[in-house]
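First the structure, in the form of C-alpha coordinates, and then the observations on it.
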Amino acid sequence: MAQAVSPNTNRRTKFTEDQLKILIYAFNQKPYPSYATKQRLALEINTEESRIQIWFQNRRARHRFQKRSEPEEHLESSQDEDHPEEKIQSRGDRRCRTSYTSSQLHTLIEAFMNNPYPGIDSRQQLAIEIGVPESRIQIWFQNRRSRFHVQRKREPDEALEQRQDQGKISEVRVQGIETTQNGTDLTSDSYSSGARTR
DNA sequence: CCGCTAACATAATCAACCG
DNA sequence: CGGTTGATTATGTTAGCGG
(Lines give C-alpha, C1' and ligand atoms only; values in the text may rest on other atoms or scores of the structure.)
Protein backbone atom coordinates (compact mmCIF):
# COMPACT_ATOMS: atom_id res chain seq x y z
CA MET A 1 0.00 0.00 0.00
CA ALA A 2 2.60 2.55 -0.75
CA GLN A 3 0.29 5.48 -1.09
CA ALA A 4 3.12 7.78 -1.86
CA VAL A 5 1.29 10.76 -3.23
CA SER A 6 -2.32 10.36 -2.33
CA PRO A 7 -3.24 12.18 0.79
CA ASN A 8 -6.93 11.82 0.10
CA THR A 9 -7.93 8.31 0.84
CA ASN A 10 -11.27 9.15 2.20
CA ARG A 11 -11.58 12.78 2.81
CA ARG A 12 -12.80 15.25 0.36
CA THR A 13 -9.98 16.94 -1.46
CA LYS A 14 -9.04 20.36 -0.27
CA PHE A 15 -7.21 22.40 -2.81
CA THR A 16 -4.80 24.97 -1.58
CA GLU A 17 -4.85 28.54 -2.77
CA ASP A 18 -1.95 27.94 -5.07
CA GLN A 19 -3.59 24.92 -6.57
CA LEU A 20 -6.83 26.80 -7.07
CA LYS A 21 -4.99 29.65 -8.66
CA ILE A 22 -3.49 27.37 -11.23
CA LEU A 23 -6.75 25.58 -11.85
CA ILE A 24 -8.74 28.76 -12.29
CA TYR A 25 -6.14 30.17 -14.58
CA ALA A 26 -6.24 27.06 -16.70
CA PHE A 27 -10.01 27.13 -16.69
CA ASN A 28 -10.12 30.68 -17.94
CA GLN A 29 -7.84 29.75 -20.73
CA LYS A 30 -9.65 26.60 -21.66
CA PRO A 31 -12.75 25.32 -19.90
CA TYR A 32 -12.44 22.09 -21.86
CA PRO A 33 -8.88 20.99 -21.38
CA SER A 34 -7.41 18.19 -23.38
CA TYR A 35 -6.30 15.03 -21.71
CA ALA A 36 -2.71 16.11 -21.98
CA THR A 37 -3.52 19.37 -20.29
CA LYS A 38 -5.32 17.65 -17.49
CA GLN A 39 -2.38 15.38 -16.98
CA ARG A 40 0.02 18.24 -16.93
CA LEU A 41 -2.14 20.07 -14.41
CA ALA A 42 -2.34 16.99 -12.25
CA LEU A 43 1.41 16.79 -12.19
CA GLU A 44 1.81 20.45 -11.57
CA ILE A 45 -0.44 20.66 -8.54
CA ASN A 46 0.33 17.18 -7.37
CA THR A 47 -3.03 15.53 -7.48
CA GLU A 48 -4.73 12.90 -9.55
CA GLU A 49 -5.98 13.54 -13.02
CA SER A 50 -9.46 12.37 -12.07
CA ARG A 51 -9.68 15.12 -9.48
CA ILE A 52 -8.82 17.62 -12.19
CA GLN A 53 -11.56 16.29 -14.35
CA ILE A 54 -14.10 16.47 -11.56
CA TRP A 55 -13.03 19.95 -10.72
CA PHE A 56 -13.52 21.14 -14.29
CA GLN A 57 -16.90 19.48 -14.48
CA ASN A 58 -18.08 21.19 -11.34
CA ARG A 59 -16.64 24.49 -12.37
CA ARG A 60 -18.31 24.41 -15.76
CA ALA A 61 -21.61 23.54 -14.15
CA ARG A 62 -21.38 26.48 -11.84
CA HIS A 63 -20.44 28.80 -14.63
CA ARG A 64 -23.35 27.71 -16.70
CA PHE A 65 -25.71 28.51 -13.91
CA GLN A 66 -24.23 31.94 -13.55
CA LYS A 67 -24.57 32.62 -17.22
CA ARG A 68 -28.33 32.26 -17.10
CA SER A 69 -28.36 35.09 -14.68
CA GLU A 70 -26.10 37.25 -16.74
CA PRO A 71 -26.64 36.64 -20.41
CA GLU A 72 -24.89 39.58 -21.79
CA GLU A 73 -22.11 37.96 -23.64
CA HIS A 74 -23.38 35.99 -26.55
CA LEU A 75 -21.42 35.29 -29.64
CA GLU A 76 -23.02 32.10 -30.74
CA SER A 77 -23.91 33.29 -34.20
CA SER A 78 -20.38 32.86 -35.38
CA GLN A 79 -19.41 29.28 -35.63
CA ASP A 80 -15.83 29.38 -34.65
CA GLU A 81 -14.32 26.79 -36.85
CA ASP A 82 -10.68 27.42 -36.48
CA HIS A 83 -9.09 29.79 -34.15
CA PRO A 84 -6.07 31.39 -35.67
CA GLU A 85 -3.98 31.54 -32.58
CA GLU A 86 -5.66 29.86 -29.71
CA LYS A 87 -5.32 26.44 -31.17
CA ILE A 88 -8.03 24.44 -29.54
CA GLN A 89 -6.37 21.15 -29.73
CA SER A 90 -8.54 19.65 -27.09
CA ARG A 91 -10.93 18.34 -29.68
CA GLY A 92 -10.26 14.74 -30.24
CA ASP A 93 -7.54 14.60 -27.70
CA ARG A 94 -8.90 12.25 -25.14
CA ARG A 95 -7.44 9.53 -23.04
CA CYS A 96 -6.56 6.44 -24.93
CA ARG A 97 -9.29 3.90 -24.85
CA THR A 98 -8.56 1.26 -22.25
CA SER A 99 -8.92 -2.30 -23.41
CA TYR A 100 -9.58 -4.87 -20.77
CA THR A 101 -8.47 -8.43 -20.96
CA SER A 102 -11.02 -11.12 -20.46
CA SER A 103 -9.70 -11.93 -17.02
CA GLN A 104 -9.90 -8.30 -16.00
CA LEU A 105 -13.43 -8.14 -17.29
CA HIS A 106 -14.25 -11.27 -15.41
CA THR A 107 -13.08 -9.72 -12.16
CA LEU A 108 -14.97 -6.53 -12.85
CA ILE A 109 -18.19 -8.28 -13.69
CA GLU A 110 -17.96 -10.41 -10.63
CA ALA A 111 -17.44 -7.36 -8.47
CA PHE A 112 -20.33 -5.67 -10.20
CA MET A 113 -22.66 -8.49 -9.35
CA ASN A 114 -21.57 -8.33 -5.76
CA ASN A 115 -22.00 -4.61 -5.54
CA PRO A 116 -22.72 -2.29 -8.46
CA TYR A 117 -21.87 0.73 -6.32
CA PRO A 118 -18.41 0.14 -4.91
CA GLY A 119 -16.99 2.79 -2.64
CA ILE A 120 -13.63 4.37 -3.08
CA ASP A 121 -11.78 1.72 -1.12
CA SER A 122 -13.38 -1.14 -2.99
CA ARG A 123 -12.51 0.49 -6.28
CA GLN A 124 -8.94 1.06 -5.23
CA GLN A 125 -8.61 -2.52 -4.17
CA LEU A 126 -10.03 -3.65 -7.44
CA ALA A 127 -7.68 -1.35 -9.26
CA ILE A 128 -4.68 -2.92 -7.63
CA GLU A 129 -6.02 -6.35 -8.22
CA ILE A 130 -6.34 -6.06 -11.97
CA GLY A 131 -3.72 -3.40 -12.52
CA VAL A 132 -5.87 -0.58 -13.83
CA PRO A 133 -6.17 2.96 -12.53
CA GLU A 134 -8.99 3.49 -10.10
CA SER A 135 -10.54 6.18 -12.25
CA ARG A 136 -10.99 3.66 -15.07
CA ILE A 137 -12.73 1.34 -12.67
CA GLN A 138 -15.13 4.06 -11.75
CA ILE A 139 -15.88 4.82 -15.37
CA TRP A 140 -16.40 1.16 -16.06
CA PHE A 141 -18.95 0.88 -13.29
CA GLN A 142 -20.74 4.00 -14.41
CA ASN A 143 -21.06 2.76 -17.94
CA ARG A 144 -22.09 -0.65 -16.81
CA ARG A 145 -24.78 0.63 -14.50
CA SER A 146 -26.12 3.06 -17.02
CA ARG A 147 -26.40 0.47 -19.75
CA PHE A 148 -27.89 -2.06 -17.45
CA HIS A 149 -30.66 0.36 -16.60
CA VAL A 150 -31.24 1.21 -20.22
CA GLN A 151 -31.69 -2.41 -21.03
CA ARG A 152 -34.28 -2.87 -18.36
CA LYS A 153 -36.08 0.14 -19.71
CA ARG A 154 -36.24 -1.09 -23.25
CA GLU A 155 -37.49 -4.47 -22.16
CA PRO A 156 -41.18 -3.93 -21.57
CA ASP A 157 -42.37 -4.45 -25.11
CA GLU A 158 -44.80 -7.26 -24.63
CA ALA A 159 -47.04 -5.16 -22.47
CA LEU A 160 -48.40 -3.41 -25.54
CA GLU A 161 -48.44 0.28 -24.92
CA GLN A 162 -49.80 1.07 -21.57
CA ARG A 163 -49.03 4.74 -21.31
CA GLN A 164 -49.29 6.25 -17.93
CA ASP A 165 -46.23 4.64 -16.50
CA GLN A 166 -43.65 6.98 -15.22
CA GLY A 167 -41.96 7.85 -12.01
CA LYS A 168 -39.69 5.27 -10.53
CA ILE A 169 -36.33 6.78 -10.97
CA SER A 170 -35.94 7.97 -7.44
CA GLU A 171 -36.19 4.41 -6.30
CA VAL A 172 -33.05 3.45 -8.06
CA ARG A 173 -31.22 6.55 -7.02
CA VAL A 174 -31.87 6.06 -3.35
CA GLN A 175 -30.74 2.51 -3.43
CA GLY A 176 -27.61 3.48 -5.21
CA ILE A 177 -26.68 6.13 -2.74
CA GLU A 178 -27.23 3.94 0.24
CA THR A 179 -25.19 1.13 -1.12
CA THR A 180 -22.38 3.47 -1.91
CA GLN A 181 -22.31 4.77 1.57
CA ASN A 182 -22.59 1.64 3.56
CA GLY A 183 -21.72 -1.13 1.23
CA THR A 184 -18.23 -1.55 2.43
CA ASP A 185 -18.72 -4.90 3.99
CA LEU A 186 -19.51 -7.53 1.47
CA THR A 187 -17.21 -6.06 -1.09
CA SER A 188 -14.10 -6.35 0.94
CA ASP A 189 -13.66 -10.03 0.49
CA SER A 190 -16.51 -11.65 -1.35
CA TYR A 191 -16.72 -15.33 -1.80
CA SER A 192 -15.00 -16.58 -4.86
CA SER A 193 -16.79 -19.86 -5.20
CA GLY A 194 -20.17 -20.61 -6.52
CA ALA A 195 -20.53 -17.54 -8.64
CA ARG A 196 -20.21 -19.12 -11.98
CA THR A 197 -21.15 -16.47 -14.42
CA ARG A 198 -21.51 -18.66 -17.37
C1' DC B 1 -27.18 26.10 11.08
C1' DC B 2 -25.77 27.38 6.12
C1' DG B 3 -23.26 28.10 2.02
C1' DC B 4 -19.87 26.40 -0.85
C1' DT B 5 -18.20 22.67 -3.43
C1' DA B 6 -15.85 17.95 -3.95
C1' DA B 7 -17.66 13.56 -5.04
C1' DC B 8 -20.67 10.97 -7.30
C1' DA B 9 -24.99 9.66 -9.89
C1' DT B 10 -27.42 9.01 -14.60
C1' DA B 11 -28.28 9.76 -19.51
C1' DA B 12 -26.78 11.16 -23.88
C1' DT B 13 -23.23 11.27 -27.01
C1' DC B 14 -18.62 10.86 -29.13
C1' DA B 15 -15.38 7.68 -30.79
C1' DA B 16 -12.11 3.57 -30.88
C1' DC B 17 -11.87 -1.18 -31.79
C1' DC B 18 -13.24 -5.32 -34.04
C1' DG B 19 -16.09 -8.97 -36.36
C1' DC C 1 -20.10 -0.96 -41.98
C1' DG C 2 -22.39 -1.62 -37.47
C1' DG C 3 -22.39 -3.14 -32.76
C1' DT C 4 -19.98 -2.98 -28.46
C1' DT C 5 -18.08 -0.21 -25.10
C1' DG C 6 -14.57 3.20 -23.09
C1' DA C 7 -14.38 8.43 -22.50
C1' DT C 8 -16.53 12.85 -22.03
C1' DT C 9 -20.23 15.87 -21.37
C1' DA C 10 -24.45 18.23 -19.08
C1' DT C 11 -27.12 18.12 -15.22
C1' DG C 12 -28.71 16.96 -10.64
C1' DT C 13 -27.92 15.23 -5.88
C1' DT C 14 -25.40 14.13 -1.60
C1' DA C 15 -22.12 14.96 1.94
C1' DG C 16 -17.98 17.48 4.46
C1' DC C 17 -16.10 21.45 6.09
C1' DG C 18 -15.50 26.26 7.39
C1' DG C 19 -17.73 30.47 8.75
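Proteins get letters first, then strands, A, B, ... in listed order; numbering begins at 1 in each.
Contact annotation: A/S99 does not reach the phosphate of B/dA16 (side-chain N/O to OP1 or OP2, under 4.0 Å). Residue A/R64 has a polar side-chain atom (N or O) positioned under 4.0 Å from OP1 or OP2 of C/dT11. Side-chain N/O atoms of A/Y117 include one lying less than 4.0 angstrom from OP1 or OP2 on B/dT10. Here A/Q138 does not reach the OP1 or OP2 of C/dA7: none of its side-chain N or O atoms lies under 4.0 Å away. Distances shorter than 4.0 Å separate some side-chain N or O of A/R145 from OP1 or OP2 on B/dT10. Dashed line: the shortest gap from a side-chain N or O of A/R95 to OP1 or OP2 of C/dG6 is not under 4.0 Å. Between A/W55 and the phosphate of B/dA6, there is a side-chain N or O to OP1/OP2 separation shorter than 4.0 Å.
In this structure, CD of A/Q57 is placed 13 Å from C1' of B/dT5, rounded to the nearest angstrom. Across the protein-nucleic acid pair, A/R123 atom CZ and B/dA9 atom P stand 6 Å apart, rounded to whole Å. One can place CZ of A/F141 at 14 Å from P of C/dA7, the figure rounded to the nearest angstrom. In this structure, A/F15 atom CZ and B/dA6 atom C1' are separated by 8 Å, rounded to whole Å.
Taking only distance into account, the side chain of A/R12 meets the base of B/dT5 through a donor-acceptor pair shorter than 3.5 Å. In the interface, the side chain of A/R147 is paired with the base of C/dG6 through a donor and an acceptor atom under 3.5 Å apart.
Ring geometry for A/F56 against A/F27 counts as tilted: the plane angle lies between 30° and 60°, on a 0 to 90° scale.
Residue order along DNA chain B, read from the 5' end via each residue's closest nucleotide, puts A/E134 first among A/R97 and A/E134.
To the nearest 0.5 angstrom, A/K14 atom NZ is 8.5 Å from A/L20 atom CG.
By the 6.0 Å and 45° rule, A/R144 stacks over the aromatic ring of A/F112.
Between A/K21 and A/E17 no salt bridge is recorded (no basic side-chain N to carboxylate O distance below 4.0 Å).
As judged by a 4.0 angstrom heavy-atom cut-off over every strand, A/R136 is placed among residues touching the sugar-phosphate backbone only. The residue A/R144 sits apart from the nucleic acid: no heavy atom pair falls under 4.0 Å.
Picking from B/dA9, C/dT9, B/dA7 the nucleotide with the shortest atom distance to the side chain of A/Y32 gives C/dT9. Side-chain atoms of A/R94 lie closest to C/dA7 of the nucleotides C/dT9, C/dA7, B/dT10.
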